[in-house]
Chemist: 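Structure below; questions to follow.
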Amino acid sequence: MSPLPTAHVPLPDLAFSEDGAPYSREFGDIYFSRAGGAAETEHVFLRGNDLPMRWQGRPHFTISELGFGTGLNFLVTYREFLRRCEPSQHLHFISVERYPLTPEMLAQAHAAWLPAEDAPLLKSLLDHYPLRLPGWHQLKLPRCTLTLGFGDADTLLTTLDAQVDAWFLDGFSPAKNPGMWEESVLAQVARLSAADASFATFTAAGAVNRALQAHGFDVQKTAGFGHKRDMLIGKRANKTPTPPSTPSSIFVIGAGIAGATIAHALAERGAAVTVLERTCIASGASGNPAAVLYPQLTKFYTPATAWHFTGYDFMLRQIARWKALGLNFTHQQPGMLRLPRPDQSAEGFASLQLDASIMRYVTRTQAAEIAGMDVASDGWFLPHGSWISPPELCHALLQHTNITLREQTGVQSIARDGNQWRVTLDSGEMLAAEQLIVANAGDAPRLLADYPMPMGISAGQVSIIPAPVPPLHCIISHRGYVIPAGEQWLMGATYDRSDYSGAVTDANHAENLVHARAALPGLALNETSIIGRTSLRATTPDRLPYVGELAPGLHVSIGHGSRGMISAPLAAEILAAQLFHEPIPLARNLLAAIHPRRRTKAK
Ligand SMILES: Cc1cc2nc3c(=O)[nH]c(=O)nc-3n(C[C@H](O)[C@H](O)[C@H](O)COP(=O)(O)OP(=O)(O)OC[C@H]3O[C@@H](n4cnc5c(N)ncnc54)[C@H](O)[C@@H]3O)c2cc1C
């Protein structure tokens, strides 16, 4: 029986020699050559793949590496790419690592060796470094996207969707780390290679040479670096394929978080995007003044848990990036205390084996210290737990110069018309779109009646009160949540599948208050000036959204349920990567799990 899935990511057995060079005790091998790690990268991997020459004239170039290690190959390549390429060119760098270093280890590994001029690149990597979660992580750096996989190369590569132009076959030597050089790994290298892909590796091992030849590479021995006599380089003999075309005009239906994030992701890639919105920006569920970024906790690392944690991690990095780009919206990261619900035990989530930097068990006393007030029980603390203002974020995202926003523009129906999608507006006006993205939540099943997907609607109300004294220092998640949002507390949220009138009710306020009081005993709340907001969630039976291409030119990002703030931004990046033929930032099994054509049982 295979073990139950967990989120465990093993640490490397890292040690340092007297001169400060990092090496792995487990593999008995060094991370990089003491004769000059950066010079070795340039000799073996850049020149071995005929780089930077092959970058010339390529708007996108994809490199994939086996063995991220200290990230030295990446840093050297990124530096050379920035130096030698035009600002309009973009580097995709994919790398896998079974024993990822922590950010602290990375900093230490480079302390004695990295040239001062490369220090800003290391800082950029550390600033964007992902949480310690298994699977793929996408780091969006200036002019470069780093897709970093934490896990076994053998397994991870089978889940990758990319067209690689050049391979850096690194990792510890075949004698010391045979797993990295197995036939199954090299078969994946072949599967993922573009028609004219090249590779370079420091090893000259005969078995590697034969395996790569068997997979269609023309292999050559050439002079190695330093004391190494030989190394291998090779190319696939095929002609450079013509790059696939990318869309120039795209329509998005809906201006909530799903529509705004996808519109922005496409606009950033240079597409002209028109957003059609029935009322105004963030008028649906994305209109609550504050919303929590919180992954779903389950006993085991199921596909739904993996999706939500990957989305959480991605959204945290996107927020930092959007802020750096000058987008103006409220984001606070006070951390989140997750208290068990009545049917859960506080210890229950230990089986997830999440790294302590992501989530740690706290006793009731410790939890009270973090919260600044008494709490009901032991629980889990997530230091990255945050809240945002979704309407502010949607407004900021839609301000891009490549986006045309049409508010008060409802879509009545859509239909295929030759190579295009005909969009009929409520006003009767007709538009034609080459690519259409449906992101209108609960109204999607009506527009997509020809493509039935089980979806439900659940109404919810949030309650807002003036912040009481003493102040709450973190977000509380229990049967609902409490967000200390400056002068106010926002408490949420109710679930109601019966008729929806849109009215804020006292009964729903009472429910939110009961849950808040149960989590924070002894709480004195001023209910006299309570206000609220109601809206609808679009839900799916398996709590995973529908994301992907439904029919040629028709894409969806819907069904984000109760987790739209961490689910929609990752969905946006996946759709944009698919439309622009970039490496996909999610494992293929998870892509299949969120695909709109997957089998889901109607509830
Ligand atoms: C009470 C409540 C509290 C919540 N709290 C949280 C939270 O703390 N954290 C979290 O992550 N998630 C939370 N959620 C869930 C989250 O709000 C949703 O998952 C998310 O907002 C969905 O975004 P969306 O863009 O898919 O849909 P919406 O925000 O609903 O946007 C859909 C948009 O499409 C437009 N539209 C609809 N039909 C058409 C049409 N035919 N033509 C043109 N436009 C159309 C609508 O006007 C609307 O603006 C909460 C939800 C509710 C209801």
Side-chain angles (χ1 to χ4, degrees), residues 285 288-299 302 304-305 308-309 312 334-350 352 359 361-364 367-368 370-382 385-387 456-465 467-468 472-485 488-498 500 504-525 527 530-537 539 543 560-567 603:
N288 290 336
V292 193
L293 311 186
Y294 60 148
Q296 188 190 15
L297 293 187
T298 46
K299 244 181 152 171
T302 62
T305 327
H308 288 118
F309 266 98
Y312 172 65
M336 186 184 85
L337 207 48
R338 170 72 158 78
L339 305 176
R341 297 183 185 134
D343 58 332
Q344 297 168 330
S345 76
E347 295 84 7
F349 305 127
L352 276 174
M359 183 172 105
Y361 185 76
V362 283
T363 61
R364 183 173 175 184
I370 293 170
M373 63 181 66
D374 191 17
V375 301
S377 66
D378 297 358
W380 293 87
F381 185 60
L382 288 82
S386 321
W387 65 271
I457 292 289
S458 159
Q461 177 174 317
V462 292
S463 305
I464 301 156
I465 53 162
L472 174 62
H473 296 313
C474 65
I475 299 163
I476 304 288
S477 162
H478 51 106
R479 285 177 81 175
Y481 53 71
V482 181
I483 308 175
Q488 299 176 321
W489 278 17
L490 187 138
M491 292 170 291
T494 57
Y495 283 82
D496 190 354
R497 289 181 185 273
S498 56
Y500 174 65
V504 172
T505 68
D506 287 345
N508 281 335
H509 279 324
E511 189 179 326
N512 284 331
L513 289 166
V514 163
H515 291 159
R517 287 196 174 103
L520 301 168
L523 190 64
L525 294 173
E527 296 164 37
I530 196 162
I531 54 167
R533 181 177 188 275
T534 62
S535 53
L536 296 173
R537 305 172 184 88
T539 61
R543 298 191 181 182
H560 294 290
S562 305
R563 296 282 190 287
M565 303 308 139
I566 56 170
S567 176
K603 241 187 181 172

Chemist: What are the two closest non-hydrogen atoms of H478 and H515, and how far apart are they?
Modeler: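 Heavy atoms of H478 and H515 come nearest at CE1-O, 2.8 Å.
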
Chemist: Once side-chain hydrogen bond (donor to acceptor under 3.5 Å, both in side chains) is applied, do any residues pair with H509, and if so which ones, sequence neighbours excluded?
Modeler: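 Here the qualifying residues are Q461, S463.
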
Chemist: Which atom pair, heavy atoms only, marks the closest approach of A493 to V462?
Modeler: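 In terms of heavy atoms, the two residues are closest at CB-CG1, 4.2 Å.
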
Chemist: Between R517 and E527, is the closest basic N to carboxylate O distance under 4.0 Å?
Modeler: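 Salt bridge flag = yes for R517 with E527.
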
Chemist: Of all the heavy-atom pairs spanning A290 and W387, show the shortest one and how long it is.
Modeler: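 Smallest heavy-atom distance, with atoms named: CB-CE3, 3.7 Å.
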
Chemist: Check whether T539 reaches the backbone of G456 with its side chain - one donor and one acceptor, N or O, closer than 3.5 Å.
Modeler: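 Judged by distance alone, yes, a pair lies under 3.5 Å.
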
Chemist: Going by heavy atoms in the side chains, are W380 and L339 under 4.5 Å from each other?
Modeler: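 No, side chains not in contact.
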
Chemist: Using side chain to side chain contact (heavy atoms under 4.5 Å, CB included), reason through T298 and F349 one step at a time and then give a plain yes or no.
Modeler: CA-CA 6 Å; T298 46; F349 305 127; 5.9 Å; no

Chemist: Can you sort out the partners of T363 under side-chain hydrogen bond (donor to acceptor under 3.5 Å, both in side chains), two or more places apart, ordered by chain and number?
Modeler: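 side-chain hydrogen bond (donor to acceptor under 3.5 Å, both in side chains) check on T363 returns Q366.
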
Chemist: Looking only at side-chain N and O atoms, does S386 offer a donor or acceptor that is under 3.5 Å from a partner on Y294?
Modeler: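 Their side chains do not contain a donor-acceptor pair, so the 3.5 Å distance test is not met.
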
Chemist: Supply the atom-to-atom distance S567 OG to H308 NE2, rounded to the nearest 0.5 angstrom.
Modeler: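 If I round to the nearest 0.5 Å, the distance is 5.0 Å.
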
Chemist: What's the separation between atom CG in L520 and atom CG in L525, rounded to the nearest 0.5 Å?
Modeler: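 It comes to 8.5 Å.
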
Chemist: Give the C-alpha distance, both sets of side-chain angles, the deciding distance and a yes or no for side chain to side chain contact (heavy atoms under 4.5 Å, CB included) between W489 and L472.
Modeler: CA-CA 9 Å; W489 278 17; L472 174 62; 3.4 Å; yes

Chemist: Which residues pass the side-chain hydrogen bond (donor to acceptor under 3.5 Å, both in side chains) test with R364, not counting sequence neighbours?
Modeler: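 Per chain and number, R364 pairs via side-chain hydrogen bond (donor to acceptor under 3.5 Å, both in side chains) with D374.
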
Chemist: How about CZ on R533, more than 12 heavy atoms from neighbouring residues, nucleotides or ligands closer than 6.0 Å, or not?
Modeler: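 Check passes, neighbour count above 12.
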
Chemist: Search all heavy atoms of G348 against all heavy atoms of K299 and return the closest pair with its distance.
Modeler: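 Residues G348 and K299, closest heavy atoms: O-CG, 3.8 Å.
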
Chemist: Look up atom CG in N508 and atom CG in D506, then write down how far apart they are to the nearest 0.5 Å.
Modeler: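 With rounding to 0.5 Å, CG (N508) is 9.5 Å from CG (D506).
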
Chemist: For the residue pair V504 and I531, establish whether any side-chain heavy-atom pair is separated by less than 4.5 Å.
Modeler: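 Side-chain contact under 4.5 Å: no.
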
Chemist: Would M491 and L513 count as a side chain to side chain contact (heavy atoms under 4.5 Å, CB included) if you check the C-alpha gap in whole Å, the side-chain angles of each, and the deciding distance to 0.1 Å?
Modeler: CA-CA 8 Å; M491 292 170 291; L513 289 166; 3.6 Å; yes

Chemist: State, to 0.1 Å, how close V375 and A367 come at their nearest heavy-atom pair, and which atoms those are.
Modeler: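 For V375 and A367, the tightest heavy-atom pair comes out as CG2-CB, 3.6 Å.
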
Chemist: Could you tell me whether the side chain of R537 reaches within less than 4.5 Å of the side chain of I457, counting heavy atoms only?
Modeler: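 Not in contact.
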
Chemist: Using 0.5 Å steps for rounding, measure from the OG1 atom of T494 to the CG atom of D496.
Modeler: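 The CG atom of D496 is 6.5 Å from OG1 of T494, to the nearest 0.5 Å.
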
Chemist: Looking at Q344 and R341, would you say the former's side chain and the latter's main chain have a donor-acceptor pair under 3.5 Å?
Modeler: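 Yes; judged by distance alone, with no hydrogens or angles, the pair exists.
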
Chemist: Nearest 0.5 Å, what's the CD-OG distance between Q296 and S477?
Modeler: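 Going from the CD atom of Q296 to the OG atom of S477 covers 11.0 Å.
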
Chemist: Could you tell me if the side chain of P342 sits less than 4.5 Å from the side chain of R479, heavy atoms only?
Modeler: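 Heavy-atom side-chain distance check passes, below 4.5 Å.
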
Chemist: Roughly how far, to the nearest 0.5 Å, is the NE2 atom of H473 from the CG atom of L337?
Modeler: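 With rounding to 0.5 Å, CG (L337) is 12.5 Å from NE2 (H473).
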
Chemist: Which atoms form the tightest heavy-atom contact between R563 and P295, and what is the distance?
Modeler: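 Result for this residue pair: NE-C, 3.8 Å.
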
Chemist: May I have the step-by-step check of side chain to side chain contact (heavy atoms under 4.5 Å, CB included) for L297 and M359, ending in yes or no?
Modeler: CA-CA 10 Å; L297 293 187; M359 183 172 105; 3.7 Å; yes

